[in-house]
Engineer: 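There's a structure below that I have some questions on.
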Amino acid sequence: MKPLYYVTTPIFYVNGAPHIGHAYTMIAADVLARFKRLDGYEVYFLTGTDEHGQKVEKAAQDAGLSPQAFTDQISTNFAELAAQMNITHDQFIRTTEARHRVASQAIWNKLQANGHIYLGGYEGWYAIRDEAFYDESELSTNAAGQRVAPTGAPVEFVTEPSYFFRMSAFQEQLIAHIHANPDFIGPVARRNEVLGFLKEPLRDLSISRTSFKWGVPVPGDEAHVMYVWLDALTNYITALGYPDENAELWKFWPADLHLVGKDIIRFHTVYWPTMLMAAGLPVPKRVFAHGWWTVEGEKMSKSVGNVIDPAELAHVFSVDAIRYFLLREITFGSDGDYSRAALIRRLNVELANDLGNLAQRTLSFIAKNAGGVMPVRGKADATLDGFIAALPGQVREAIDRQGFNDALETIWVAIRAGNAYIDQQAPWTLRKTDLVQMEAVLAKLVDLLRVVATLLQPFMPESMAKMLDQLGVSDDARDIATLLVPIASGTVLPPPAGVFPRFVEDAA
RNA sequence: GGCGGUGUAGCUCAGUGGUAGAGCAGGGGAAUCAUAAUCCCUUGGUCGGUGGUUCAAAUCCGCCCACCGCUACCA
């Protein structure tokens with residue numbers, strides 16, 4: 001039986017149009033899902049949209065739509081983004097689905113049955129103008145003697161009945177779990193951040209609201225709807241059939257990886273695990289937080305007008321180029337800067353010059369001088385053998401810790417070695433002196449390209465499919481295990497065509 | 001304020017005790033199979049500052065400077 005792997009993106013909040021940041025999360029998760037499939041795992045990959053809450057209710061109202069009609073529309077945009085980015089999710093979940101209401105109410109009932117929910121009052125300083133609560137420490141007094149928020153809005157002390165989750169009861173258990181499982185939170189900086197946060201006593205979590213209606217009703221008290229995070233986080237198990245633990249997909253729980261943005265790390269490493277502990281369910285194996293992108297050195301924002309539309313970008317360059325750039329440019333987990341110049345540099349230098357040209361020079365040489373078939377292996381110089389043998393393991397190791405750029409750098413070291421090798425071996429000289437040796441050299445290069453293209457499939461599925469076609473690798477021989485079966489000498493290689501054209505800026 | 005992190009070549013970064021590294025950019029050369037792509041060589045750094053530990057510090061410790069993150073219930 002295949003080992004299982006369950007990876008998720010966050011469900012995206014439907015309060016605006018998808019941008020490059022959403023694409024980034026999806027792409028990273030997709031590379032993991034594709035790699036694990038390639039490596040023999042049975043993978044389940046979940047993404048979707050988070051559609052409840054006061055903000056959505058308000059945005060729908062502003063748009064003159066019912067909340068359901070509004071979320072239908074926005075959710076579709078995210079589903080389209082996934083399709084445009086070549087995302088291979090197995091399921092797209094929406095929190096407004098009936099089954100999700102069932103699951104959310106089920107986990108609520110479970111928490112309640114286990115004695116971890118109580119009715120209390122949610123009190124605080126509320127600014128009507130901001131529609132937000134503020135901590136006492138944030139307040140100041142204005143000239144008129146009013147208590148005001150940092151925004152200047154007047155605040156008043158309000159109390160609203162609310163159910164609470166006894167999160168404080170799980171603090172020690174959570175801390176112990178984080179210490180016992182060093183890989184539970186990544187990257188390490190985020191783990192330290194969460195541990196730092198847990199040095200202070202954990203407060204119980206307000207998990208219901210009466211101030212708006214657009215949410216999952218609290219079982220037995222329909223004046224309340226569930227606090228959005230309780231509802232939202234539950235999506236990860238709704239998708240697997242919860243509360244039916246006999247469901248076909250339930251075998252995937254606990255998740256191997258929740259991929260999230262750094263802004264929601266706490267919800268995933270504090271709220272969610274304690275909720276699961278309270279419900280008697282296993283916690284996810286790992287949560288990894290990625291960083292944010294700036295654009296040309298500036299924070300991406302609607303008001304600045306520099307929000308990058310991934311679909312537009314993919315139209316100008318290619319989906320594969322964008323997928324590659326986003327995972328290559330920076331260490332996964334850190335913030336990064338997108339710039340058009342940097343993207344073009346990666347595309348031209350690494351994809352077109354290094355990889356694309358290596359494939360093209362090798363394959364066109366074979367087409368012209370070796371009969372257009374896989375050459376006969378021989379006693380070629382062994383320089384590339386180490387790369388060919390080690391690459392799958394090295395890439396696997398990097399992928400398993402979400403070290404996408406390390407994985408790519410490792411592959412590129414091998415590609416550069418391939419270019420050095422062809423120059424040193426000079427098959428164009430061997431053509432006149434030693435045809436057997438010439439074939440041996442060319443075969444070695446094809447073997448290297450085959451490993452490289454195979455391992456790059458998760459990153460650039462379309463381009464690598466083309467490259468593997470040209471390398472004579474059949475559709476059923478493109479996974480990692482099958483790398484052990486060499487391409488047979490004499491296999492007909494289709495006429496080569498450049499996979500990564502150089503990007504030339506329009507003269508206009 | 002508290003806790004944590006970062007500061008290394010023009011740029012982006014790797015390097016956690018033992019003669020400063022990579023990629024890109026710059027300079028020189030080679031080759032001409034290839035998407036004028038490639039390969040080789042090379043310029044360039046008092047490793048934020050300062051004091052200390054050590055035979056030896058980018059790497060450990062103290063202090064200082066700069067920048068960043070977290071410091072809970074909008075997601």
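Below, read A as the first sequence line, B as the second, and so on, with proteins coming before strands; counting in each chain starts at 1. Worth knowing before you read on, the calculation uses all heavy atoms, side chains too, and leaves out hydrogens, waters and symmetry mates.
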Engineer: How close do A:Gln425 and A:Leu430 get, heavy atom to heavy atom, and via which atoms?
Structural biologist: O-CD1, 3.5 Å
Engineer: Do any side-chain nitrogens or oxygens of A:Arg266 fall under 4.0 Å of OP1 or OP2 in B:U71?
Structural biologist: yes
Engineer: In whole Å, what is the span from the CZ atom of A:Arg190 to the P atom of B:G69?
Structural biologist: 10 Å
Engineer: How many whole angstroms separate atom CZ of A:Phe503 from atom P of B:A37?
Structural biologist: 15 Å
Engineer: How many Å lie between CG on A:Leu355 and P on B:A37, as a whole number?
Structural biologist: 16 Å
Engineer: For the ring pair A:Trp272 and A:Phe184, is the centre-to-centre distance below 6.0 Å?
Structural biologist: no
Engineer: Tabulate below the donor-acceptor pairs under 3.5 Å that side-chain atoms of residues 263-270 of chain A make, not counting sequence neighbours, or state none.
Structural biologist:
from, atom 1, to, atom 2, distance (Å)
A:His268, ND1, A:Ile264, O, 3.1
A:His268, NE2, A:Tyr236, OH, 2.7
A:Thr269, OG1, A:Ile265, O, 2.8

Engineer: Taking only side-chain N and O atoms of A:Trp412, does any of them lie within less than 4.0 angstrom of OP1 or OP2 on B:G23?
Structural biologist: no
Engineer: Return the nucleotide paired to B:G4: Watson-Crick means purine N1 to pyrimidine N3 with N6-O4 or O6-N4, wobble means G-U with N1-O2 and O6-N3, both under 3.5 Å.
Structural biologist: B:C68
Engineer: Which one is paired to B:C63, where only Watson-Crick or G-U wobble pairs with both distances under 3.5 angstrom count?
Structural biologist: B:G49
Engineer: Is the ring centre of A:Phe165 less than 6.0 Å from the ring centre of A:Tyr227?
Structural biologist: no
Engineer: Are A:Phe78 and A:Tyr13, when compared by the centres of their aromatic rings, separated by less than 6.0 Å?
Structural biologist: no
Engineer: Under 3.5 Å between N/O atoms: give me all the protein pairs with nucleotides 29-34 of chain B, atom names plus distance.
Structural biologist:
from, atom 1, to, atom 2, distance (Å)
B:C33, O2, A:Arg361, NE, 3.2
B:C33, N3, A:Arg361, NE, 3.4
B:C33, N3, A:Arg361, NH2, 2.6
B:C33, N4, A:Arg361, NH2, 3.0
B:A34, OP1, A:Lys368, NZ, 2.5
B:A34, O2', A:Asn357, OD1, 2.5
B:A34, N1, A:Arg361, NH2, 3.4
B:A34, N3, A:Asn357, ND2, 3.1
B:A34, N3, A:Arg361, NE, 3.2

Engineer: Tell me: CZ of A:Phe197 to C1' of B:G4, nearest whole Å?
Structural biologist: 15 Å
Engineer: Can a salt bridge be assigned to the pair A:Glu329 and A:Arg345 using a cut-off of 4.0 Å between side-chain N and carboxylate O?
Structural biologist: no
Engineer: Whole-Å distance between B:G23 P and A:Arg416 CZ?
Structural biologist: 6 Å
